[in-house]
Amino acid sequence: MADLKVVYFPSCINRAMGKNEFQKEEDLQLTALTHQLLERAGYTIIYPKELEAHCCGMPFSSKGFVEVNHKQSQLLEADLLRVSESGKYPILYDMSPCFYHSKEEFTSALKIVDPIEFMLNFVLPNLTVKKKKEAVAIFPVCSVKKIGKMDQLLALAQHCAEQVTMIDSNCCGFAGDRGFLVPALNEHGLKDLKQQIPIHCTSGYSTSRTCEIGLDKASGMSFTSIFYLIEEVTR
């Protein structure tokens, strides 16, 4: 385990946003929690050199700023190439949409890994689940469906909880930042959310911070990164 190394790229959204209203004061912010979780699994963590300047480019792409998107993506790719020693070490993304965007944009042979696959295949095998949670809900965001990771998301949650409910929705309607600007989209996308969550389930998990904001509001309970679930049951 001493030789385990990973490059961790915390998304700009997760770097900028704090915890949700349901989380406790002592709960760690996601990037700090991820660092702690990776160390617990025996990893030496490497960060991009110019981390605060980096973005995968997706926010610009979604607004039609094609050239700025490509420039941001290229700068990130170049930095990740350097710090991973030209792809020697895997690169963990903590949000599925950011991973999907870089997967589409990058041209080099970097080993970028989405949050679900990395936790399931690289982190959990090095940890011990102490006590499973009784019941959790999980929400596969659109990018998870596009890359075919729904079964892996379910398997990951089942490692950590006795009962897992996968929310059935075509799209939560948050759509990047549209949920902030046109909240009716999010409200419509999650109109059936509450009735899908078992009454004894009090926590939900996903892999996209903005989607989780809409899920919090629509469900009336906490939706956080699935990294929080893994950290809790292996603590």
Side-chain angles (χ1 to χ4, degrees), residues 11 13-14 17-25 27-30 33 58 62 93-100 114-117 119-120 124 129 131-235:
S11 72
I13 291 172
N14 283 327
M17 290 188 174
K19 298 173 291 185
N20 70 32
E21 62 180 308
F22 300 98
Q23 291 177 281
K24 300 174 184 176
E25 184 178 348
D27 289 339
L28 293 174
Q29 192 266 356
L30 180 61
L33 178 133
M58 181 172 56
S62 66
Y93 277 61
D94 60 12
M95 272 185 51
S96 294
C98 302
F99 163 79
Y100 181 78
D114 81 282
I116 297 167
E117 181 180 346
M119 288 296 148
L120 186 62
L124 268 184
V129 174
K131 184 180 180 181
K132 289 186 175 184
K133 284 183 78 76
E134 180 184 351
V136 302
I138 55 173
F139 186 88
V141 299
C142 295
S143 52
V144 169
K145 296 172 184 175
K146 289 176 183 177
I147 59 178
K149 298 290 183 182
M150 291 178 68
D151 289 344
Q152 286 190 327
L153 176 61
L154 180 61
L156 184 57
Q158 288 173 336
H159 274 285
C160 304
E162 299 291 349
Q163 180 184 345
V164 179
T165 299
M166 183 177 284
I167 303 301
D168 180 25
S169 174
N170 181 47
C171 175
C172 74
F174 215 91
D177 64 358
R178 296 295 289 171
F180 293 123
L181 306 172
V182 190
L185 289 173
N186 189 229
E187 291 166 8
H188 179 75
L190 296 177
K191 64 183 185 300
D192 299 323
L193 176 63
K194 273 191 175 181
Q195 66 191 51
Q196 293 188 56
I197 300 174
I199 193 167
H200 58 287
C201 177
T202 59
S203 55
Y205 302 92
S206 190
T207 54
S208 173
R209 183 70 179 91
T210 49
C211 298
E212 290 152 16
I213 291 171
L215 289 160
D216 287 344
K217 182 179 178 182
S219 67
M221 72 179 198
S222 178
F223 267 84
T224 56
S225 166
I226 200 163
F227 290 8
Y228 281 95
L229 174 62
I230 300 164
E231 193 282 326
E232 179 182 345
V233 301
T234 63
R235 191 181 306 157

Spacing of L229 atom CG and Y205 atom OH [to the nearest 0.5 Å]: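 Rounded to the nearest 0.5 Å, the CG-OH separation comes out at 4.5 Å.
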Please check: side-chain N/O of [X] versus main-chain N/O of [Y], any donor-acceptor pairing under 3.5 Å?
X    : Y    : value
N14  : S11  : no
D114 : Y93  : no
S169 : G189 : yes
T207 : M95  : no
Q23  : N20  : yes
K19  : L30  : no
Y228 : L28  : yes
R209 : G18  : yes

Full working for salt bridge (charged side-chain N to carboxylate O under 4.0 Å, His left out) between R235 and E231: CA-CA 6 Å; R235 191 181 306 157; E231 193 282 326; 2.7 Å; yes
C160 side chain near I230 side chain, heavy-atom distance below 4.5 Å: yes
Sub-4.5 Å side-chain heavy-atom contact between T165 and I197: no
Donor-acceptor side-chain pairing of S143 and S96 below 3.5 angstrom: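 Per modelled atom types, S143 and S96 side chains form no pair under 3.5 Å.
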What closest approach, in Å, do [X] and [Y] show between heavy atoms, and which atom pair accounts for it?
X    : Y    : result
S219 : K194 : O-CE, 3.5 Å
P140 : I138 : CD-O, 3.9 Å
K145 : C171 : NZ-N, 4.4 Å
A161 : V136 : CB-CG2, 3.7 Å

Over 12 non-hydrogen atoms of neighbours within 6.0 angstrom of CG in D151: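 No - once you tally the heavy atoms of other residues, nucleotides and ligands closer than 6.0 Å, there are 12 at most.
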Other residues, nucleotides, ligands: >12 heavy atoms within 6.0 Å of Q29 CD: yes
K149 with E117: basic N within carboxylate O range, under 4.0 Å: yes
